[in-house]
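Here's the structure we're looking at; comments come further down.
Residue numbers start at 1 and run along the sequence shown. In this text the structure is predicted, and so the values were computed from the model without any measurement.
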Amino acid sequence: MLAAYGLVGRSARSLATLWRTGDRTAGRAAINDLKQAATILLQASVVDTWTLVDSLAHAVEDIVATSPWLLLRRASSWSRTWERYIKALIVSDRPLTQVWPSQRTALDAGLLDARAHNLTVTMPTSAGKTHIAEWAILHALAHTGETDDSPLGLILRFLDPPLAVYVVPTRALAAQVERHLAASLELVGLRVSSLFGGAEHVRYENQLLDHTDVLVVTTEKLDLLLRNTPELAGRLRLVLVDEGHSIDRSARGLRLEMVLTRIRRTTPQVRIVLLSAVLPNGEDIARWLEPTADGTNHAKIDWSPSQLRTGVFSWQGQEKDGQTGSIHYGTAQDRDFFVPKVLTRRLTRTRLFPRDLKDVAAALALHFERLGPVLISTTQPAYAQAAARALQTALDKTDTPGLGGRNQRDQRRALSERIAEHLGEEHELTAMVTQGIAYHHGTIPQPVRHLLERSYRDGALRVLCATSTLSQGMNLPVKTVLVHSTWRNQEQIGVREFWNAAGRAGRAFQETEGHVVLIAKDTQDARNLRRRYLDKDNIEPVLSTIGALYHRLAITRLGARPIPGQNLTDIDLPDPEQEDLTDWAQELELQLLTMLAEEVVDTPDQHLLEDAAHDLLAHTLGGHQIGAQEWSLKPLARFTARRVAALARQLPDPAARAAILRTGLSLQGGLDAITAAEQVANTLTEHPGLLDPATWPALRDTVLTAATTIQELRRSATDKNRPIGAVVPLAGDWIAGWTLQEIHHHYQLLLAAKDITATSDYIDKVITHDLAWAVSSILQILETRHGINLEGPLATLPAMLKYGVDTAPACYAASLGIHQRSAATGLAARCPIPEPSFSDFSGWLADLTTDEITAITTPSIAALLIRSTERRSPRSVQKTILSGRGTFTTPLRGVRHTNNLWLLARLPAGTRLDLVRDPNNPADPNAIRVEHNGLPLGWIAKSTARPLALALDDRPAPLVTATLHTDPQPLADTGQLTDHDQVELAITISPAPEDRRRRTSR
C-alpha cells in the first residue's frame, strides 16, 4: 500500500515536471507510475482506491497526450518564444495544461503549419478562441529576433519589424482584447498596443506602431492606417479578424471586405485568419480566402467546455384561473425536457401580473439569479432600461435590499460613487447598482460601461439588462441569458444575432452549464420562437455586401429574382434608389478608386477601366459568391467602372482626389473638406497672427467652424433636429475639461437631452468621433495641398477632441492609455519639457524610475504607464535575451534615489554587480534592482527590465552577469554622476550550466 501511495506521489511530481519543462519522459513516467500503483492496489484487493488510481491513470494519459508541449511543438515556428509562452501560461491564473478538442481541430486545419494557409475557424463562444488567436500570432511572429542572424537579416528586421493585426468590430471590444492579449503575449516579449478611436487621423499616434508587435484595431482604423501609412503593409505578417461574421451585408462589412481584398492583392504573403461563433458558411469564406486550399482551410468546431441549454418560456392555463409559466428546452424537433411552474400569475384587479415582457423578464431574472449571474438581452436601449426598472420595482415590493450577499455592499457602494462622478448622484443607475442590478447600452458613457462590465465580472452586479453592446465578443461570466424580445423597429432580429447573444451563457472556467431562455407572449409565439431560433441550422449565411448590391440591382433591372446559372452578362445595372444601396454603392466606388491605379482611372478607354474593375471585384468575397451562382461579373464591373469614371471626372485633380481618399470621407464629405481647408488657408493668409500661440482659441474655433460644413458631421450633429451651432461651443468646453455633468447642465435644452446619457451619446458620436474625423481631414488637406506646416496645438486638435483635453502632453498621456481626463491632464502638467513632442513625452516617462512614477499618480495608472514605457525596449536587446546568448548595454536608472552615490563613485569600470528581481513590486512586477555587496545602486531601465525579468524568472534561468560599463569616478568629479543615463551597465547572458539544468529537471 505504501509503495502504491509513493508511486502516486512520484507520478504527481513527474506530471509537474512535464508541465513546467515539457520533459516528455516525465509524462511517460507519470503514466507508468500510476499504472504500477493501480496494479499493486488491485493485487492487494483495495478495490475502491484501485478504481480511483486506475481512473487517474487514464486521465493522466489524456493529459500527457494533449499536453501543449507535445501538440504545439508541431508548429514550424517552434522556438524559445514558444517554450517561454507555455511556461508562463502553466503558472497563470488559468493554467494551460491541455489543448482542448476545439483547439486540436484548429491545429489539424493547419493553424501552425509551415504553409500557413489563410484560415477560417467557426467555434462556439468560450471554446478556446483566445488561445487559438495567440497561437496564430506566435506562429507569425515567433521568429522575431531569433532567426537569420546575418547582418542583412538584422537590418531588415530593424527597419521592417513584423506586425500582427487583430481586427475587432467595436472600440469597446478592442480594449478588452488588448488586455487579454497583453496578459499572455507580453510575457514572451511581444508588445501589444491598440489604436482607439474611429476614422480620425492623429499623426503622432503612428509612432506607437514603432514599438508594437501586435496591434488591436477596428476595421475603420485599419482602413485609415493602410490609406495613410502604406509602408505599414510591408510589416504585416498576420491579420486576425475577430467576430468575422461582421463581414456580412452592411457598410462596415463592405469596408472589412475591401480591406481584406486590398491586403490579399497587395501583400499576398500576409496570412488572414477569420474567427466567428456564428459562421454557417465558413467553408465558403475559406475558399474565398485561399482558393487553392479547396476548403480544407476551414475548421468547423462544435465542441464546447460547457453545456448550453436553450429553451422557451411560455404561459399555460386560462387567464381567469391564473396561469403557470414553464420552460421547454430543446428545438422544435427535439424537446429535451421542460421545467414546470417556474412562475405563476393571477388576476390583480383587471389584468394579469406579470404581463408585460419587462415584468416577466424581471421575475425570471429573480428566479435564475439564484443559479448565477443573469443577462437580460434586449434589442433597444429603452427595453433594457425598462427591464432594469421592473427588476428594481420587484425587489422593492419584496423588501429585498439587493441581490447577492452582504459582502458585496461596500463594492456596490464604491461603484455607485464612481458612477455618480460621471452621471450625477440623482441618476437612477447610482441607486440600481447598490441593489446588484444595472442596464447597459451604447448611449451610456464609455467609462460607466467599463465600470459596469468590471463589476459584473467581479460579481458585484448580479443582473445586467443590455443591448447588443455586450454580445459582440465581450467576455462576461453569464450563467443565464434571458431574451426579452426578438423585435427591433418592427423587424425580427436575425438568428445569427440571437445565437451571438446566446453565446454569452456558460463561460468556460466559470460555469459548466449555461441557460438561454426566450420569453414568449403566448403559446403560438412560443412555437414560432422555437421553430425560428433554437435550431442552429437556421443561422443565416454570411453574404457579401457587394454580392447583395449586385443581386438587388439585378432584381430591379429584371423585375424578378435571377436564378443560379442565369445569363446576366448583357444586363445594365441601374443606379440605386434605396438609401442603403446608395450608401453601399458610394462606399464601393470610393474603395475601388483607392485601389485602382491613377492611370487606369483617368484612361479614356472605358473597356480598360472595366477590365481593371472586373479583376479587382473578382478578388472580393462578392466576386467569389457571385461566381458560385454562375452569374457573370461583367454587369457589376460595368456598373462600378461607370461610377468610378464619373467620380474621377468630378475630381479631375489627382492631388485633390488623393487627399479625399486619405481621409476616408464620402465624396461629398471630401469635397466639403477641401472647401473647408481652403477657407481656413485663406483665413490664415489674411490673418497670419492666428498661428501665434496667444490666439490659439480663435484659430481652434476657426477650424471647428469650418469642420461643421462637412457632410458626415452635419448629418450626425443635426440628428433629432439638433442645431449645428451647438457643435463649436460644446467642443470648446469639452476640450477645456468640463465634466459631463457640467456640459449636460449647460446644453441639455439646446440638445433636447432629457437624460445625461443623451448628452454623453452626443459627445461620443458628434464630438469625439465625427468632429475629430472632420478636423483631421481638414488638417491633412491643409498640409498636403496648401503646404501649411502643422505645429503646436493645431497638430493635436483631433486628439484633443477625441480625448477631451486641451494640451498636447495631455493628448499624449491619453494615447498611452490614460483615458481619465483629469489624470491625463495632471500627468501632462508634471512633464518638465516645454512643448514636448510625443517622443519627448514618452522618453520622459521612460526615464522615470518606478518609484517616481508611483509618486506622481495612482497605482493603477502607474502600472499602465510602466507597461507603456516597457514597450520601448530595443529590439536588439530583445533579440539577445530571447536567443539566450550575447551582451548588451543598458543605462542604470534611479541612481540619486539610492543614497549610495559614494559607493558607486568608488567602483571602477568592470566591477561585477548583482541583479536582484523584485517581482512583488506593487507598481512594476518586472523591476530589477542593481546592488553591490547588498547595497542598492539603482535599477535596470524599465524598457530593458521587462524582457530581462522574463529571462531571470525562467527555469532553468540563464546565466546573467552585470558589470559597470562606465567608469563612474570622472562623472563624480564633474558632478554628472546623477545626470540622466550617464552610467551604463554591460549585461551578458548565456545558457544555464548543465548541472543547473539537471537540478531544475529533478
Side-chain angles (χ1 to χ4, degrees), residues 81 137-138 140-146 154-166 174-175 177-179 181-197 202-217 221-222 225 228-229 231-238 799 809 811-818 827 831 836-848 850 853 862-882 888 890-891 893 924 926 940-950 981:
T81 300
I137 292 169
L138 282 172
L141 303 181
H143 68 280
T144 303
E146 293 191 22
L154 293 173
I155 292 172
L156 289 176
R157 280 203 305 277
F158 179 78
L159 296 176
D160 200 24
L163 179 70
V165 175
Y166 195 114
V177 168
E178 184 197 12
R179 288 194 302 270
L181 291 180
S184 55
L185 296 182
E186 291 193 348
L187 294 173
V188 297
L190 294 178
R191 297 166 293 187
V192 182
S193 301
S194 63
L195 287 181
F196 294 100
V202 180
R203 187 171 53 183
Y204 74 79
E205 288 190 335
N206 287 350
Q207 297 178 42
L208 288 171
L209 300 177
D210 296 336
H211 305 285
T212 298
D213 301 303
V214 182
L215 179 67
V216 184
V217 290
K221 183 61 76 176
L222 178 59
L225 282 173
N228 289 276
T229 318
E231 63 272 16
L232 185 69
R235 290 184 56 191
L236 290 179
R237 296 296 181 273
L238 171 72
C811 292
Y812 304 153
S815 294
L816 293 174
I818 304 177
L827 180 67
C831 180
S837 66
F838 181 68
S839 180
D840 294 334
F841 185 79
S842 302
W844 165 67
L845 287 175
D847 293 342
L848 296 176
T850 297
I853 291 180
L864 188 152
L865 288 174
I866 290 168
R867 176 175 164 256
S868 70
T869 56
E870 285 173 346
R871 295 195 196 108
R872 296 167 61 90
S873 57
R875 294 184 185 275
S876 58
V877 171
Q878 287 207 42
K879 175 191 178 301
T880 301
I881 295 173
L882 285 172
F888 58 89
T890 187
R893 296 274 170 82
D924 183 12
N926 295 317
I940 295 291
K942 294 188 295 298
S943 58
T944 302
R946 184 187 68 160
L948 187 57
L950 295 174
D981 287 357

Item to check | Closest non-hydrogen atom pair between S194 and E178, with its separation | outcome: OG-OE1, 3.0 Å
Checklist entry - Yes or no on side-chain contact (heavy atoms from CB on, under 4.5 Å) for T212 and V192, after CA distance, side-chain angles and deciding distance? => result CA-CA 6 Å; T212 298; V192 182; over 6 Å; no
Checklist entry - Relative to the ring of Y812, is the ring of F841 parallel (under 30°), tilted (30 to 60°) or perpendicular (over 60°)? => result tilted
Next on the checklist: Assess, by modelled atom type and distance only, whether the side chains of S839 and Y204 contain a donor and an acceptor separated by less than 3.5 Å.
Outcome noted: no
Next on the checklist: Could you tell me if the side chain of L163 sits less than 4.5 Å from the side chain of L238, heavy atoms only?
Outcome noted: no
Next on the checklist: Strictly distance-based, threshold 3.5 Å: is any side-chain N or O of K221 a donor or acceptor partner for the main-chain N or O of L195?
Outcome noted: no
Next on the checklist: For L864 versus G817, what's the shortest heavy-atom pair and its separation?
Outcome noted: CD1-O, 3.4 Å
Item to check | Min side-chain heavy-atom separation L141-V214 under 4.5 Å | outcome: yes
Item to check | Interatomic distance, S193 atom OG to L816 atom CG [nearest 0.5 angstrom] | outcome: 9.0 Å
Checklist outcome for this item: Distance col, row L190:CG vs S184:OG, nearest 0.5 angstrom, shows 9.0 Å
Next on the checklist: Are the side chains of L208 and F838 in contact, using a 4.5 Å heavy-atom criterion?
Outcome noted: yes
Next on the checklist: Any non-hydrogen side-chain atom of L181 less than 4.5 Å from a side-chain atom of E186?
Outcome noted: no
Next on the checklist: Ignoring hydrogens, what is the shortest heavy-atom contact between Y166 and I137? Give both atom names and the distance.
Outcome noted: CD1-CD1, 4.4 Å
Checklist outcome for this item: When every non-hydrogen atom of K942 is compared with those of A846, the smallest separation belongs to NZ-O, 3.2 Å
Item to check | Side chain to side chain, V165 and V216, heavy atoms closer than 4.5 Å | outcome: no
Checklist entry - Would you say the side-chain atoms of T229 pair up with the backbone N or O of L232, donor to acceptor, closer than 3.5 Å? => result no
Item to check | Nearest non-hydrogen partners of L845 and L865, listed with the distance | outcome: CD1-CD2, 3.9 Å
Item to check | Nearest-0.5 Å distance that lies between atom CG in D210 and atom CZ in R191 | outcome: 9.5 Å
Checklist entry - What distance separates L948 CG from N926 CG, expressed to the nearest 0.5 Å? => result 9.5 Å
Checklist entry - Can you tell me how far CG of L222 sits from CG of L236, rounded to the nearest 0.5 angstrom? => result 7.5 Å
Next on the checklist: Is any side-chain heavy atom of R235 closer than 4.5 Å to one of P161?
Outcome noted: yes
Item to check | Shortest non-hydrogen separation from A945 to I940 and the atoms involved | outcome: N-CG2, 3.8 Å
